[in-house]
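A short write-up of the structure that comes next.
Each chain gets a letter, A, B and so on, in the order its sequence line appears, and its residues count up from 1.
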Protein chains: 2
Amino acid sequence: MKKKATIYDIAREAGVSTATVTRVVRGDPGVREATRDKVQRVIDRNAYAPSMSAQNLESGRSKALAVVVPSISNLYFAKIFDSAYWEAADNGCSVRLIQTKDNQAISPEIVNELIRCRMDGVLFAGNIWSADRADLNDAMERLNHYMPVAAICPPGVELNCIRIESDLLNCARLPVRHLHTLGHRRIAFIGGSMHSKDASHRGATFLEQLRLLGLPDDPAYHVDAGYDMEGGERAVLRMLSALPRERWPSAIVTFNDLVALGAIRQLKKMGQHLPEDMAIVGCDNLFFCPYSDPPLTSVDLHPAEMAQSAVRELLVARESASRSFSILRDATLVVRESCGAALGFRHFDT
Amino acid sequence: MKKKATIYDIAREAGVSTATVTRVVRGDPGVREATRDKVQRVIDRNAYAPSMSAQNLESGRSKALAVVVPSISNLYFAKIFDSAYWEAADNGCSVRLIQTKDNQAISPEIVNELIRCRMDGVLFAGNIWSADRADLNDAMERLNHYMPVAAICPPGVELNCIRIESDLLNCARLPVRHLHTLGHRRIAFIGGSMHSKDASHRGATFLEQLRLLGLPDDPAYHVDAGYDMEGGERAVLRMLSALPRERWPSAIVTFNDLVALGAIRQLKKMGQHLPEDMAIVGCDNLFFCPYSDPPLTSVDLHPAEMAQSAVRELLVARESASRSFSILRDATLVVRESCGAALGFRHFDT
DNA sequence: AAAATCAATGTTATCGGTAACAATTTTCTT
DNA sequence: AAGAAAATTGTTACCGATAACATTGATTTT
């Protein structure tokens, strides 16, 4: 590897001052054509580009945001990052991706890293709010010294930052109402881990909807399913094994599409026909929903739009002072065949 | 936002020199307990952490790698990034994700950005090698001034960098041989865009395998399918519509699992039973393969391991000089039900 | 008690770039 | 051609941290 060129190397080799090199690099006016050419040739020959560290140090700004997620291999978070990435790029900002090791906490190490990088803003997605309150407040406090903070979180969470709220109310209401309209009366929910506040929040909202419609909220219809396919399979097996056939639900609302995928597989293994014997609704509207068998009805929380809003607000907050407010983007139910809408109204309460 | 604290602020407020602050931050020995406590309190009160820009400038190293991919929403690239991220983290390195706008080129802007950031290394995934040769060599040349370069690419590509080769030979050979063993004689390939060298390389390898086994390499069995589900649907429709029923293939090898998913849907629409009427093999072994209907047999190129190797080599190359060599990780065929292996040997050559 | 040793802390040049201003040319006036 | 104005180009302090070295003060040695 050749020695990395600095602006001094370029200036010396071109026989000009560093200021002139800067002018040429930035395309500033007020440089004689001949000088510009001469300097540009030296720049090209050395593959020179000004060091970002030096620029950031000088300007005191990084022109970079951070997005903190549990895992980018999770399509939901990938959508969020992707959207944030391009929205920031449109505004001349880069985005750094930070993954959390333990899958949930907002650790002091991460806070430190964010501060060290002097980010212009940070967006948290994934359930940081289930961390210990004191730790969380402390982290927010520390971060707020240096940068605006945004978080995609359930409604009503107390967080001293820009809150982009997931529409968990509709996330539970839309599928339940839809299934109710189709004639379903025994509706089950297989939700994420009950240890997560996010998941239990969804579970609570789900139960509330059942009660509003006067439907049975049998605890046997509400089981922990984790966040993935295996969880979905196990949850269905556990739930149905524990119930006599005549008390089986006629519809299952799942925590997300992955859980739904697992649930579908397990139901098929148990000889159920979908959607005739059992309706299924997922959440996140991932790319494969139209391609599952049957095509999966799913709630779309519009993660990309939430991320876009978050980035916009962060960029605004860089300048101004307002730091704590919330934004909500309504969820949408995307109806496909797994909920059995095409079958028309039927009364499932045998 | 409070004024961001610098090491000078901390030093002044604690009544010590900057050197002592640095010592406390790093936990260096040789600081009196009382002094350490005093300084630490000021650090905590101000949520101070040393500026990375300043550190990088001083040390001349960024301790950061870059991973350049077309889109992180693509699960294959997400796996690569994820793996690179943690492998780098284990070695005290961070990883920056860069997405390419046009989905394939290694643009001068990206090269410039990489140099500006003074990355310690860069890993390219996605088909940069299909760019114009002159541009590509130029970009490599420029990058090599500043950092080691690695690329995940097809075998045999001429690239002046560390090449982590995808095992495209087996990627075509394994499914074709397997299907042949099961009795299939008319095997089709619906591949990525024919404009991409990667895709055409796979197509060529596929045809070669057919010839080696003495199977027909009818051009009608080889159609462009893009990279996603829609492409798979269209490709199947186009291929089968153009053929009389008796010349339909009995098996289809697809470019990747997404294309396979689309193909499966289209085949079902056309009334085909899978895998009895038609065997399908995908590629990438994505998470949903066990959950598709039928569960999808797929080739695994082990992207995570490739990324891990790439990062290791990049970290080694930081120190040493060797810069151009290649590594190959064998592909694996993961047999599930979509290829009909469970049905036993049958002769499909009606 | 003076000298030597060691522990704790301070000083300063430096990294690569930019901003603000200073200095030098060049071009234009009259 | 002298002086003014405009166009180029150069100089230097600074951004925040660290390394290398310098200094101070305390403790031990003789």
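Counting to the nearest Å, the P atom of dC15(C) and the OH atom of Tyr8(A) are 8 Å from each other. When the P atom of dT18(C) is taken as reference, atom CG of Asp28(A) falls 10 Å away, rounded to whole Å. Across the protein-nucleic acid pair, Arg26(A) atom CZ and dT18(C) atom P stand 6 Å apart, rounded to whole Å. Rounded to whole Å, the distance from CD1 on Ile7(B) to C1' on dT18(D) is 8 Å. With rounding to whole Å, Arg36(B) atom CZ is found 13 Å from dT9(C) atom C1'. Atom NZ of Lys63(A) and atom P of dT18(C) are 13 Å apart (whole Å). In this structure, Arg12(B) atom CZ and dA17(D) atom C1' are separated by 15 Å, rounded to whole Å. One atom, CG of Asn56(B), and another, C1' of dG17(C), lie 14 Å apart when rounded to the nearest Å.
When distances are taken from the side chain of Val16(A) to each of dG10(D), dA17(D), dG17(C), the shortest belongs to dG10(D). Set against dC15(D), dA20(C), dG10(C), the side chain of Ala19(B) has dG10(C) as its closest nucleotide. Here the side chain of Thr18(A) is nearest to one of dT18(C), dT14(C), dG16(C), namely dT18(C).
Contact between the side-chain N/O atoms of Thr20(B) and the OP1/OP2 oxygens of dG10(C) is found at a separation under 4.0 Å. For the pair Ser51(A) and dG16(C), the criterion of a side-chain N or O lying under 4.0 Å from OP1 or OP2 is not met. Between Arg116(B) and dG16(C) there is no side-chain N or O to OP1 or OP2 distance below 4.0 Å. Proximity of Tyr48(A) to the phosphate of dG17(C): a side-chain N or O atom is located under 4.0 Å from OP1 or OP2. An OP1 or OP2 oxygen of dT18(D) is reached within less than 4.0 angstrom by a side-chain nitrogen or oxygen of Gln55(B). Between Thr35(B) and dT9(C) there is a side-chain N or O to OP1 or OP2 distance below 4.0 Å.
Side chains of Trp86(B) and Asp90(B): a donor-acceptor N/O pair is absent below 3.5 angstrom, by distance only. Residues Gln40(B) and Asp44(B) bring a donor and an acceptor atom of their side chains to less than 3.5 Å of each other. Between Ser62(B) and Asn56(B), the side chains place no donor N or O within less than 3.5 Å of an acceptor N or O (distance only, hydrogens not considered).
Here Arg118(B) lies in heavy-atom contact (under 4.0 Å) with sugar-phosphate atoms only.
Sequence order on DNA chain D of the closest nucleotides to Arg32(B) and Arg23(A) puts Arg23(A) first from the 5' end.
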*Test side-chain contact (heavy atoms from CB on, under 4.5 Å) applied to Ile327(B) and Glu165(B), step by step*: CA-CA 6 Å; Ile327(B) 290 181; Glu165(B) 302 186 337; over 6 Å; no

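The NE2 atom of His145(B) lies 10.5 Å from the CZ atom of Arg45(A); values are rounded to the nearest 0.5 Å.
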